[in-house]
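Both backbone and side-chain heavy atoms feed into the values below; hydrogens, waters and symmetry mates do not. Order of listing sets the numbers, starting from 1, for every ligand and every atom in it.
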Amino acid sequence: MSQNMRTWIETLEKSGNLLHIEKPVDPRSQMGSLLYQSRDKALMFHNLTGCPGWTSIGNSPANLDHVGLAFGMTKEEVVPFVAQKLSERIPWKKVETGPVKEVVLSGDEIDLNKWPAHQAGTKDAGPVIGSGLVFTKDPDTGIQNVSFHRLQVQGPRQTGILMVPRHTRMIYSKYEERDMAMPVSIMIGHHPLYYMAAAMTAPFGVDEMDIAGALMGEPVNMVKSENSDIYVPADAEIIIEAHIPPHQRHPEGPFSEFQDYYVAGRGMNPIVVIDKVTTRRNPIFKNIQNGSETEGCLFHKVPFGASIYNHIKSVGGYVDLRNVLVLPGIFGVAIQMVPRFAGEAKNVGLAALSCPILHPKVVVVVDPDVNIFDYWQVLWAISARTNPSKDMSIIDGLRYHPMDPNGDELVPPGTANWQRVGGKIVIDATKPPHCFPEEEEEFERIRPVGDGVVFLKDFL
Ligand SMILES: Cc1cc2nc3c(=O)[nH]c(=O)nc-3n(C[C@H](O)[C@H](O)[C@H](O)COP(=O)(O)O)c2cc1C
Ligand SMILES: [Mn+2]
């Protein structure tokens, strides 16, 4: 059976990774803190203050172990797997109808103020739908695009939208040039692999639902929206059909973001006007909490890791690359590889700094005997396997991610030229390569006597 949000909830439940909360929870004043605290378990809310009839789920996934569960593998296997799938496409399939059409709402039947969109951070401008995947259609090619965009609730049928200048923004500009509203369909709630696909940095003109198909191993079934010819996943929980008027702007933000800061493109941003909603019967709302190492970050860590993995794997023709992990705050990356030549790790680190994603700023390269999923080991390698004067290379004047407040902001948010610039560092925390065996030997890690044979659990 195709995977969807319901099958995913079952997977979380069976593996003991879901907590049910029956006590009343106010999405405006309580849910953010609960989600931010629960780093091990997904939370399902059955009694939402001010939102009669709604159920919602957050932190699904809550951590990298949950991500492994969603992909059906260990967390260590996910990034190399996704890296390989990035070049594969399984085109989506049109179907006549699906569960997401069970309920159709329009006009006064839609009131976002009674939906369980939560206020995530204390300084956020208000409740925000953080789990909305925005489907658009390029008016020139007819090709669809899917991307995350935060939607700040601004009225019963209006939200704001932040469109960082990438594909959705490019498509919106095409509509604006023609003085036309851009039709959008927004999906809330599905299997996490859909969310992973939406956060991939694919070339313009690639439909992210074809990537979702490749990740799932089967085509995504899509139904036509009621009011436009945009196709959306047939077994999603909720679809909002809406339009973004041309040339209209409204104050939007701040919002708690992935770095654990509120630095986030706040300003005069476009609005989304809701025309229709279709849902499953008793739809389950999806809440995404933002901040460092929360659910929002997980949807960055995997696509970024995979993109960096592919970008660096052919530096110098071939890299014996083992894994890539995006570090907390998202501006850091750990690369695990077997250096074959002197200087190779540094080359690979530099490649990561100029990959398709703007975030990497602090790159640490380590050997395979350092477990990058255990952060203390990465910190150990930085202190125990570097001579800073030789192994730490700082390059200044590089393009930053505009949401990194450490960089100099040259152009403020609100325009297509929002930008920052600053320094970046490569830390080569690898030992000398095998071809220098005498030098390498000094860096051999200790193994305790009895390693791999004597286990604590047998003595308890
Ligand atoms: C949790 C999460 C929230 C995001 N929020 C936004 C957002 O509000 N605005 C935005 O422009 N991009 C946002 N992104 C980033 C885009 O989804 C991502 O860069 C995507 O690859 C862009 O799609 P595109 O390449 O089709 O433009 C978010 C990503 C994640 C994982
Ligand atoms: Mn795209």
Hey, can you tell me if F285 and W115 have their rings parallel, tilted or perpendicular (30° and 60° cut-offs)? perpendicular

Test item, I288 contacting ligand 1 (heavy atom, 4.0 angstrom): no

Kindly indicate whether the side chain of P27, heavy atoms from C-beta on, has any atom under 4.5 Å from the side chain of P127. no

Assess the pair H118 and F45: is the distance between their ring centroids shorter than 6.0 Å? no

Just distance, no hydrogens or angles: give the donor-acceptor pairs under 3.5 Å from side chains in residues 77-86, sequence neighbours left out.
from : atom 1 : to  : atom 2 : distance (Å)
E77  : OE1    : T74 : N      : 2.9
E77  : OE1    : T74 : OG1    : 3.3
K85  : NZ     : E88 : OE1    : 3.1

So the protein N/O/S atoms within less than 2.8 Å of the Mn ion (ligand 2) come down to N145 OD1, H167 ND1, E208 OE2

Identity of the nearest option to atom 29 (C) of ligand 1, non-hydrogen atoms only, from M196, E257, M200, H300: H300

Report yes if the distance between the aromatic ring centroids of Y400 and H359 is under 6.0 Å, otherwise no. no

Of the side chain and backbone of P303, name the one, both, or neither that has a heavy atom under 4.0 Å from an atom of ligand 1. neither

Any N or O on H167 sitting closer than 3.5 Å to an N or O of ligand 1? yes

Kindly list each side-chain donor-acceptor pair under 3.5 angstrom involving residues 182-198, sequence neighbours excluded, with atom names and distances?
from : atom 1 : to   : atom 2 : distance (Å)
S185 : OG     : S225 : OG     : 2.7
H190 : NE2    : D235 : OD1    : 3.0
H191 : ND1    : L193 : N      : 3.1
H191 : NE2    : Q3   : OE1    : 3.1
Y195 : OH     : S131 : O      : 2.8
Y195 : OH     : G189 : N      : 2.8

Distance from atom 9 (N) of ligand 1 to nearest protein heavy atom, with residue and atom: L162 O, 2.8 Å

Quick one: sort the F148 and F299 rings into parallel, tilted or perpendicular, breaks at 30° and 60°. tilted

List for me each residue that meets side-chain contact (heavy atoms from CB on, under 4.5 Å) alongside D40, sequence neighbours excluded, and say none if there are none. N63

